[in-house]
2 protein chains.
Amino acid sequence: MDKILNIAIAEDHQVMIDGLTALLEEFDDLKVTIKAKNGVKLLEQLETHQPDVILMDINMPEMNGIDASLKVKEKYPKTAIIILSMFDDIKLIKECLKAGVDGYLLKETGIDELKEAITNVANGETHFSKPVAQKILQRKNKEKPRKSNFKPADLPLTLTPREIEVLQLICEEYTSNEIAAELYVSVNTVETHRRHLMEKTKSKNIAGLFRYALQHNLLLQS
Amino acid sequence: MDKILNIAIAEDHQVMIDGLTALLEEFDDLKVTIKAKNGVKLLEQLETHQPDVILMDINMPEMNGIDASLKVKEKYPKTAIIILSMFDDIKLIKECLKAGVDGYLLKETGIDELKEAITNVANGETHFSKPVAQKILQRKNKEKPRKSNFKPADLPLTLTPREIEVLQLICEEYTSNEIAAELYVSVNTVETHRRHLMEKTKSKNIAGLFRYALQHNLLLQS
DNA sequence: TAAAAAATCACGGTTTTCCGTGAGTTGAAA
DNA sequence: TTTCAACTCACGGAAAACCGTGATTTTTTA
């Protein structure tokens, strides 16, 4: 039971990678074997060898933590995933749960809980930060039906490349007119993309779109 | 010249504090003497003893890194400050420069550059990440005059408590009407606050407001 | 190659945001 | 005590966003 656990870190901030590594390697039974700056690179490295636990940031370029988790769980269902997120937004947590992650910690978490969570998920259990667990429990209550919204199943939340492009420009303070000019399409087209974006991200206005972009690491200049 | 440098870390994410500490203490000539979760706590601890270098995150609750830097430089002008930010937004960088910081690193930075930066600023020099330095140099070119905007000096960027309240609700997808109901004031009042917010933050729409809130860590649920 | 998904465009209508301008009240600091 | 910043309210107009509905073309994929 005291075998060494191999850890993968997927995280875009180099200081954070370095810091986490230094931190975890103070434990004799933990070893950081994989460091990746985004989901794509993580998957590449997983082909060589699989760790016991993956510490996954959500905000990563190229491929974010949620999409990466989905793919990892597809190929290596036995590998445990702990999400390390700055946000305890219920929408986001739900997406992660759906992706099959085994734990969800906030970055406010200290090393002690982190270590505990790693041990737990390595043993096949789950581990969620208190605030996160609370949100999960509360969620049923807060399901607020938005206008006439009786969609049977969940929407496919995947945005198309074009939609992402539009979303990014929206977050850069572009108006629909300006976006149309930038992308060489009609304003009507842009507005259609906007409509789809609002639906897919379940937003009510630009603030909601920005929030989504932020949490899924779609912002341009970041 | 080889004396031990005392470092302060001001950063709201506990894992990051722990990680940075573990990382820095691998160097014999660095010692982390202060750890603070926000600007207020940092200032409290500075009264006891001053470090040589402060590693300052921008996104902190209570008091953000910019305001904290201002106060620190007021009281302890000899203490060097390095900003550790996720954003290389020119607006933000300018605010930091105005606050008198000695360095500005992105969180993508690795440990090597971090160490180098610490040494540099401790020697009275400055240190800016490449992308940051570039933005600083480019800034003259990009000064885009906004409509009829010929303000002589810089506006006071400090938002009033009420304005912050309104801003936060805007970022929560509230409409002006909803905000008015929430705060028990007239819609006209809310719209006035909005107008002031747009001016002070130099925004063109909600996206700009959200960006400002994000970068100054004014978001509610984070 | 047929079906599905993505991207394109149109149009009319409602709501919200944005903008300018002006002004009264209040509490705190000079 | 007056000056000032913060907060409050009003109104009108323009611009942008939001919403519904429907439709064509292109690209991808099964």
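Note that these values count all heavy atoms, side chains included, but never hydrogens, waters or copies made by symmetry.
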A.B. asks: Quickly work out the B/H193 NE2 to C/dT17 P distance and round it to whole Å.
C.D. replies: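 Whole-Å distance recorded here is 15 Å.
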A.B. asks: Can you measure A/R194 atom CZ to C/dT16 atom C1' for me and round it to whole angstrom units?
C.D. replies: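 Distance check: A/R194 CZ to C/dT16 C1' gives 12 Å.
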A.B. asks: Nearest whole Å is fine: how far is D/dA16 P from B/K204 NZ?
C.D. replies: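 Nearest whole value for this atom pair: 10 Å.
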A.B. asks: Using a 3.5 Å distance criterion without hydrogens, assess whether the side chain of A/N123 forms a donor-acceptor pair with backbone atoms of A/E125.
C.D. replies: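 Flag not set: sc A/N123 to bb A/E125 has no pair under 3.5 Å.
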A.B. asks: Identify all side-chain donor-acceptor contacts of residues 180-191 of chain A below 3.5 Å with residues at least two apart in sequence or on another chain.
C.D. replies:
{"residue": "A/S186", "atom": "OG", "partner": "A/N188", "partner atom": "N", "Å": "2.9"}
{"residue": "A/S186", "atom": "OG", "partner": "A/N188", "partner atom": "ND2", "Å": "3.2"}
{"residue": "A/E191", "atom": "OE2", "partner": "A/S176", "partner atom": "OG", "Å": "3.3"}

A.B. asks: Once you round it to whole Å, what is the distance between C1' of C/dT14 and CG of B/N177?
C.D. replies: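 Answer to the nearest Å: 13 Å.
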A.B. asks: Is the backbone of B/L42 close enough, under 3.5 Å, to the side chain of B/Q45 for a donor and an acceptor to pair up by distance?
C.D. replies: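 Such a contact is absent between B/Q45 side chain and B/L42 backbone.
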A.B. asks: Is it the case that C/dC9 (base atoms only) and A/T192 (side chain only) share a donor and an acceptor within less than 3.5 Å, ignoring hydrogens and angles?
C.D. replies: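 Looking at the base of C/dC9, it does pair with a donor or acceptor on the side chain of A/T192 (distance under 3.5 Å).
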A.B. asks: What is the distance, to the nearest angstrom, from the CG atom on A/L183 to the P atom on C/dT8?
C.D. replies: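 Computing the A/L183:CG to C/dT8:P distance gives 8 Å.
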A.B. asks: Of all the choices, C/dA10, C/dT17, D/dA6, which nucleotide is nearest to the side chain of B/T160 once you look at every atom?
C.D. replies: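 The listed nucleotide nearest to B/T160's side chain is D/dA6.
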A.B. asks: Starting at atom CD of B/E178, determine the distance to atom C1' of D/dC18, rounded to an integer number of angstrom.
C.D. replies: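 Going from B/E178 (CD) to D/dC18 (C1'), I get 14 Å.
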A.B. asks: Any idea which of D/dC7, D/dC19, C/dC19 is nearest the B/E191 side chain?
C.D. replies: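 Looking only at side-chain atoms, B/E191 lies closest to C/dC19.
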A.B. asks: Looking at the side chain of B/I206, which of D/dC19, C/dC18, D/dA17 is the nearest nucleotide?
C.D. replies: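 So the side chain of B/I206 is nearest to C/dC18.
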A.B. asks: Look at the side chain of B/V185 and decide which nucleotide, out of D/dT8, D/dC11, C/dA7, has an atom nearest to it.
C.D. replies: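 Looking only at heavy atoms from C-beta outward on B/V185, the closest nucleotide is D/dT8.
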A.B. asks: Checking all strands, does B/T175 fall into the base, sugar-phosphate, or nothing category for heavy-atom contacts under 4.0 angstrom?
C.D. replies: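 Sugar-phosphate, no base atom in range.
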A.B. asks: Does atom NZ of A/K73 have more than 12 heavy-atom neighbours, drawn from other residues, nucleotides or ligands, at distances under 6.0 Å?
C.D. replies: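 Yes - once you tally the heavy atoms of other residues, nucleotides and ligands closer than 6.0 Å, there are more than 12.
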A.B. asks: Please tell me which of the listed nucleotides, C/dA10, D/dC18, C/dC18, lies nearest to the side chain of A/N205?
C.D. replies: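 Given the options C/dA10, D/dC18, C/dC18, the side chain of A/N205 is closest to D/dC18.
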A.B. asks: Would you call B/K107 and B/D57 a salt bridge, using N to O less than 4.0 angstrom?
C.D. replies: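 Yes, B/K107 and B/D57 are salt-bridged.
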A.B. asks: For A/E163 and for B/S176, locate the closest nucleotide of DNA chain C by heavy-atom distance; then report the residue assigned to the nucleotide nearer the 5' terminus.
C.D. replies: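 Going by which nucleotide is closer to the 5' end, it is A/E163.
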A.B. asks: Separation of A/L209 atom CG from C/dT17 atom P, in whole Å?
C.D. replies: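 It is 13 Å, rounded to the nearest whole Å.
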A.B. asks: Kindly indicate whether the side chain of B/R195 and the base of C/dT17 share any N or O donor-acceptor pair separated by less than 3.5 Å?
C.D. replies: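 In this structure, the two groups form no donor-acceptor pair.
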A.B. asks: B/R162 near the nucleic acid: base, sugar-phosphate alone, or nothing, with a heavy-atom cut-off under 4.0 Å?
C.D. replies: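 Sugar-phosphate, backbone atoms only, no base.
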A.B. asks: Around atom NZ of B/K71, are there more than 12 heavy atoms from other residues, nucleotides or ligands closer than 6.0 Å?
C.D. replies: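 Open.
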A.B. asks: Could you give the angle between the helix axes at the two ends of the helix from C/dT1-D/dA30 to C/dA30-D/dT1, with five pairs per end, rounded to 10 degrees?
C.D. replies: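 So the angle between the two local helix axes works out to 60°.
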A.B. asks: At under 4.0 Å, does any side-chain N or O of B/N188 touch on OP1 or OP2 of D/dA10?
C.D. replies: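 Answer is yes, contact under 4.0 Å.
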A.B. asks: Can a salt bridge be assigned to the pair B/K37 and A/E108 using a cut-off of 4.0 Å between side-chain N and carboxylate O?
C.D. replies: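 No, B/K37 and A/E108 are not salt-bridged.
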A.B. asks: How close or far is atom P of C/dT17 from atom CD1 of B/I170, stated in whole angstroms?
C.D. replies: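 Result: 8 Å.
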A.B. asks: Is there a side-chain contact between A/T189 and the phosphate of C/dA7, meaning an N or O under 4.0 Å from OP1 or OP2?
C.D. replies: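 No, outside the criterion.
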A.B. asks: Any idea how A/H196 and A/H193 line up, ring-wise: parallel (<30°), tilted (30 to 60°), or perpendicular (>60°)?
C.D. replies: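 A/H196 vs A/H193 ring planes: perpendicular.
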